[in-house]
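Data block below; observations after.
To find a chain, count down the sequence lines: A is the first, B the second, and so on, and within it residues start at 1.
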Amino acid sequence: MIAQVIVDVAAKQTDRIFEYQVPEQIADLTTGSRVVVPFGRRKVQGFVVGLTKTSQYQGKLKDLLLVVDEQAPLTPELVELSAYLAKTIFSYRISILQTMLPSVMRAKYRKILIPTTKQAEELQIFKGKSIDLAKVTDLEEIAQINQLLKKDMAKIEYAVENKAKEKTKKVYYLTSSLTDYKKFQQSLRSNAVKQAELLQFIVEHFEQFPFDYAQLKKYNLSFSAINTLVKKDLLKIKEIEQYRNPLTEFSKNSKRKIVTLNQEQTAALQKINKSIEKSEAKTYLLEGITGSGKTEVYLQAISNALQKGKNALMLVPEISLTPQMVSQVNARFGKEVAVLHSGLSEGEKYDEWRRIRRGEARVVVGARSAIFAPLTNIGLIIIDEEHEASYKQEDTPRYHARNVAIWRSQFHNAPLVLGSATPSLDSRARAQKGVYELLRLTKRANQKALPKVKIIDLKSVEFAGSQFDLSTNLVEAIKEKLMRNEQIILLLNRRGFASFMLCRDCGFVLQCPNCDLSLTMHKDTNQMICHYCGFHQPIPNRCPNCQSSKIRFLGTGTQKVEEELSELLPGVRILRMDVDTTRRKGSYKEILDKFGAGEADILLGTQMIAKGLDFPNVTLVGVINADTALYLPDYNASEKTFELLTQVAGRAGRAEKSGQVLIQTYNPDHYAIKLAQKQDYETFYQTEMKVRYQGNYPPFFFTNLISVASKNEQNAAKEAFAIKRILMRNLHAPTIVLGPTPSAISKIKNQYYYQILVKYKREPKLNELLHQIQDLAQEKQKYGLNIYIDTQPGRIS
DNA sequence: AGCACGCCGACT
DNA sequence: GTCGGCGTGCTC
């Protein structure tokens, strides 16, 4: 038999199948297996994507060396999916296969130097062992090693290592009969007290064995006595595999609650259920206002799929994978749930993933990459908050979880449910055209009115304090809530203290040396930080350009507002939540737990606080500046602004108390802000569609973004123009080719970026053409040029 | 991607 | 002569 293998070498030239002879000892090789194969002089990991009887290859096939896992990690479905994705998203098949698996399954490679003669073995450099070449840095040693290699006294061996380790525990089994143990007990010396205790325990608990180490420890039994019995073959140790279970911390406080659905929810659920039963690959767009009970519809649909003997996959944005969310699902489906998100350790992710692969979990809940969960027999896929930009991976492989979900839905003939209060325009337009079926939830499940939203016009308002960040209206409202012991959420879409340093004498703005961005001041760490590449330097007290002391720090960030609030409201307890305060693992949850427990009055944060949080005591939500996202040079700035404001407004008044929302803005008449005030998604959709139509933007056009990067700005520009010419020659009206222009941030990490935007309605040859351009890029790489192609880019300037 | 081969200039 | 720098081509 011959195995078709995709090899772990991410390069254009190796992005194809290599064939290997399967030796007879390897009988049970299946498609999707992870294998080790010889590749040139090296050994590399690879994935079997097909098995055949014959080969076209002219030379002699090499033997496949090893099958790594007992069970093939990839299902045939995932292998097929990887082929489809490689074609459509311009990335190597191996990169796609790797992202389908937990990161511990990436191979580690080592080069080891092994002595070949007795004489060499005794050399000091070997010390009787072989040498890991990665660890050799000493120049003299390197010279000596080269000598040895030359004289054939040593050879290099290539090793492929598997990082994936199962956690095990020691379990002790009995080996003899009860009478034997009793006999042995009698024969003990009188001073063997600990052994006597252990034997007494064995005799008393004979029926309950085996015990694991932790259990034995509880009975205060001596470890050395246990070991003695093991040595005497009276106990046997078995290493039993154990899952690192991340759910335990949530499962304690979960309670089951049965919720009755309202009429709209029931109608939506029935449609979805029908598709589950008919095995129908239909996509539903569940458009439901905040608080309309989408989650309950999801849970009952999942439950229905399980009853029909099918499995279910649910994606949620990383940020809303809160303990609240997980415990809800867990309370419903218990041990059958597997959770995949970035908060897990690598080992936990691997274990959760294996539970899915082995069919032990029937419901998978996870963030973007969970769309590749090796779940079989899928009967339902759900994507919650489907408009979230985080479902698109912004680096290679640039897949969109929604597209992958559609593919899998078709593969399994299972319905896909896209849910949101503010659907992406893309999805909403597809529902309009009948590609998706629209299901609407227009009523709040708890009958509560939507929170009252007030817009504060910053152009004509009085500010509290000396800074121009907080209006008196907002501060008064905060005071009022504080007096009633209620809580407040404040949103400010920028972290740090001030967003740039400006010299009033020479006009100099302090910028990142690697990127084309101004540095942001962070007062707490006394640093100026680049939010793109992380570059930092101390806060200057003189202008680095002209040495003037007349420097000012402009713009507002979370740190500055925190300071202002403390001045205006002495004694107020503020929790700040942004990338800076949540970098440590678990700190996100810590902050939210504190706030939930009422240990703070105000939660002040960036957009990470806008979504999914549910705190009943929050009665005021304030948006400090609604305009931050509005004038980004991006066609979907309005959509993002509307989305953010609507979502954050939904955080107020979630329980008994009614909520209030205050939005500060310099653009009170902008339709995105006015319609967010009314929470009127449908009108926003209609309005924004007209804007998109006039601007030839999605969803009226498909887009493809080609970026050319180089350390040399002129080379990047030159190549970008060359690509544009190729495109113009081959594409036809009404396709629009824009650019090349420097990217919005034209320099990132010392690379200059030029981009070309292709907007098209129908261009059947485009895919092929782009692949050709990519091939061309391969040649150009020698001159330090990189070309990236992004279909459905997340942002376009 | 790595690795080898081959060609070239530089140097003990 | 031999070392090492880089351009080129190959990996079943």
query: Looking only at side-chain N and O atoms, does K150(A) come under 4.0 Å of OP1 or OP2 in dC3(C)?
result: yes
statement: Among dC12(C), dA4(B), dC3(C), the one nearest any side-chain atom of Y158(A) is dA4(B)
task: Quickly work out the Q98(A) CD to dA1(B) P distance and round it to whole Å.
output: 14 Å
- prompt: Could you give the CG-to-P distance, from L65(A) to dC12(C), as a whole number of Å?
  reply: 11 Å
field: Interatomic distance, Q13(A) CD vs dC10(C) C1' [rounded to whole Å]
entry: 8 Å
task: Round to the nearest Å and state the distance from Q58(A) atom CD to dC12(C) atom C1'.
output: 12 Å
field: Nearest-Å distance for atom pair OH/P, residues Y20(A) and dT11(C)
entry: 10 Å
- prompt: Taking the side chain of R16(A) as its heavy atoms from C-beta onward, which of dC3(C), dA1(B), dT11(C) lies nearest to it?
  reply: dT11(C)
query: Could R762(A) and Y760(A) be counted as a cation-pi pair, given that NZ or CZ must be under 6.0 Å from the ring centre and within 45° of the axis?
result: no
- prompt: Which listed nucleotide (dC12(C), dC3(C), dA1(B)) is nearest to the side chain of K62(A)?
  reply: dC12(C)
Closest listed nucleotide, where the reference is the side chain of T14(A) and the choices are dC3(B), dC12(C), dT11(C): dT11(C)
query: Please give, in whole Å, the distance from dG2(B) P to D8(A) CG?
result: 9 Å
- request: Could you walk me through whether N704(A) and Q792(A) pass side chain to side chain donor-acceptor pair (under 3.5 Å), step by step?
  value: CA-CA 6 Å; N704(A) 251 316; Q792(A) 281 191 322; over 6 Å; no
- request: Output yes when at least one side-chain N/O atom of R41(A) is less than 4.0 Å from OP1 or OP2 of dA4(B), else no.
  value: yes
message: If the test is side-chain hydrogen bond (donor to acceptor under 3.5 Å, both in side chains), which one of K349(A), Q98(A), E346(A), K163(A) qualifies with S103(A)?
response: E346(A)
field: Stacked cation flag R725(A) on F721(A), 6.0 angstrom / 45 deg
entry: no
message: For a quick test of reading the model: is some side-chain N or O of R42(A) closer than 4.0 Å to OP1 or OP2 of dG2(B)?
response: yes
query: Base, sugar-phosphate, or nothing for F39(A), non-hydrogen atoms under 4.0 angstrom?
result: base
- prompt: In whole Å, what is the span from the OH atom of Y57(A) to the C1' atom of dC12(C)?
  reply: 5 Å
OP1 or OP2 of dG2(B) under 4.0 Å from side-chain N/O of K111(A): no
field: Rounded interatomic separation in angstrom, taking NZ from K12(A) and C1' from dG9(C)
entry: 18 Å
- request: Scan K167(A), R244(A), Q242(A) and name whichever one has a side-chain hydrogen bond (donor to acceptor under 3.5 Å, both in side chains) with D351(A).
  value: R244(A)
